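Remarks on the structure that follows.
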Number of protein chains: 2
Amino acid sequence: MRIIVATCSAEYSGRLNARLPYAKRVILIKADNSCLIFSELGSYKPLNWMAAPCTVKEHEVEADEAVHMNAIDVDDTDAAGEEHVPTRILEVAAAKSSDILTVTLYSVESDTTTDLGTDPGLIKDGVEDHLQRYLAEQIERIGKGARLVRREYPTAIGPVDIMAIDAEGTNVAIEIKRHGGIDGVEQLTRYCKLLNRDPLLAPVRGIFAAQTISPQARVLAQDRGFECLILDYEDMKGTKSDDITLF
Amino acid sequence: MRIIVATCSAEYSGRLNARLPYAKRVILIKADNSCLIFSELGSYKPLNWMAAPCTVKEHEVEADEAVHMNAIDVDDTDAAGEEHVPTRILEVAAAKSSDILTVTLYSVESDTTTDLGTDPGLIKDGVEDHLQRYLAEQIERIGKGARLVRREYPTAIGPVDIMAIDAEGTNVAIEIKRHGGIDGVEQLTRYCKLLNRDPLLAPVRGIFAAQTISPQARVLAQDRGFECLILDYEDMKGTKSDDITLF
DNA sequence: AGGTGTAGTTAGCGA
DNA sequence: TCGCTAAGTACACCT
């Protein structure tokens, strides 16, 4: 990993064209040559970047070249209109496309390289899969007397998240999302339409279950006769079994 | 911006729980306290992070505390099983939720702080909005004699990208995507279904326009009677008006 | 390798 | 602010 702190300007050309005016920024160049340019604000997304696989070419800017650049490049003026002289240029080019990120360095505050080695990687634990698992365990959340048929119930157009049978013996298809949007309702619609063609299953009720459901999705779901069920993750997690947290 | 190069382990607790085993990494702490942890690989997404608004608390680990931690914390062993002694702990806590990112530092290679100031920001040029703008300007790309009704034509279920009228006087709803997938076809389907209920508009044709269209989406679109239109961005950009690039 | 669906998505825009 | 949708999305999974 190479870490550069420098005033710079940058230009990206690829799917879109974007440019960064003259300012002080942090530039990371990783072992795979991928390049990230950060400012003080914003979330984890860099201002500009190049994804691997890519190559980095670097060259010093000669004095006469710098003069020439000043004549054609307008990004070398800071917010106050002051002009600056480029000293070095990084050309980061994508290997499989013509995407290119050109970073022009002016004043370099620091430029260090360190080898981080390979990372053992992130270990995750618990998102949508857990919602499905918990609801399967606590299937009576869809109604007293309900029984689980199976999770990931296979159909020709993909697996239904949960199939169950309610107290009246009616089949129930459940679509689970962390956030329920219109897409999810469409998905549930396709499943129910298909399942209802099977005389052994019909009628099949649909339940749209999510931690949050957008108003438009709720209207669409109800319009199509689906029940909406809000899932409380913490509640489900707490109910999951007789924990050691009984004290 | 504070830049730390150090061996560390980390733990995140929030929407999910995730942990990073002992390894050497780069840690950025931005002016808004947001924190990013990077390894040598992966795209621009950090291994782990905390988004602003958040607070950072830092404390040295006393020798006896370190011994205690070693007894309960299993992440202080490296890939070779060697144990390490924590020296410092960063607790990055979200301001509006109980999300917390705990970074345990072991050996610190460097720890520098620099003020980047406010960034003038990224200037973009050319994404979906531009595709829409260009197609609106060059509406005859959907057929000779076509006229534009309006961009972002409002309906109860959201705006149609472009409404137009073809040479025969038939209304045309156009859905524009950079890459056309099945979702886009579903979207166009909903719009056309709704618009066709209006006797003042019906019949309404649908056109699915994108720079690229997935084979499955194309089949689905054609199955639903929609025309598929490939948009050539460079071509549209070149046609946009009488440029100075005539030479 | 290409398609599909999720993301601790993030970012931008309009109501 | 809420809600929706695109993103130079990234990333995991599956065919």
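In the text below, chain A, chain B and the rest are named by the order of the sequence lines, each starting its count at 1. Because the structure is a prediction, the values reported are computed rather than measured.
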Spacing of the C1' atoms in D:dC14 and C:dG8 (rounded, Å): 24 Å
For atom CG of B:Leu131 and atom P of D:dA7, their distance in whole Å: 8 Å
Ring centroids of A:Tyr12 and D:dG8 base under 5.5 Å with planes under 30°: yes
Candidates D:dA10, C:dT10, C:dG8 - which lies nearest the side chain of A:Tyr44: C:dT10
Between D:dG8 and C:dG5 - P atom distance, rounded Å: 22 Å
Separation of B:Leu231 CG from B:Arg141 CZ (nearest 0.5 Å): 8.0 Å
Distance test, side-chain N/O of B:Lys45 to OP1/OP2 of C:dA7, below 4.0 Å: no
Touch class at under 4.0 angstrom, heavy-atom based, for B:Ile182 against every strand present: sugar-phosphate
Aromatic ring pairing A:Tyr44/B:Tyr44, orientation class (parallel under 30°, perpendicular over 60°, tilted between): tilted
Which residue lies more 5' along DNA chain D, comparing A:Asn48 with A:Ser214 via nearest heavy atoms: A:Ser214
DNA chain C: 5'-proximal contact among B:Met50 and B:Asp183 (nearest heavy atom): B:Asp183
Euclidean distance, A:Ile207 CD1 relative to A:Asp161 CG, rounded to 0.5 Å: 12.5 Å
B:Phe38 CZ to D:dA10 P, straight-line distance once rounded to whole Å: 13 Å
Separation of C:dT6 P from A:Gln132 CD (nearest whole Å): 11 Å
B:Glu152 CD - C:dG14 C1' separation (whole Å): 9 Å
Whole-Å distance separating the CG atom of A:Leu47 from the C1' atom of C:dT10: 13 Å
Spacing of A:Lys177 atom NZ relative to C:dT6 atom P, expressed in whole Å: 3 Å
N/O (side chain, B:Trp49) to phosphate O (OP1/OP2, C:dT9) under 4.0 Å: no
Separation of C:dA11 C1' from B:Asp32 CG (nearest whole Å): 15 Å
Given D:dT5, D:dA6, C:dG8, the nucleotide with the shortest approach to the side chain of B:Glu175: D:dA6
Polar side chain donor-acceptor pair, B:Tyr22 to B:Thr104, under 3.5 angstrom: no
5'-most by nearest nucleotide on DNA chain D - B:Lys96 or B:Ser43: B:Lys96
CD1 on B:Ile4 to CZ on B:Arg25, rounded to 0.5 Å: 13.5 Å
Whole-Å distance separating the CD1 atom of B:Ile37 from the C1' atom of C:dG8: 13 Å
Sugar-phosphate, base or nothing in reach of B:Ala51, heavy atoms under 4.0 Å: base
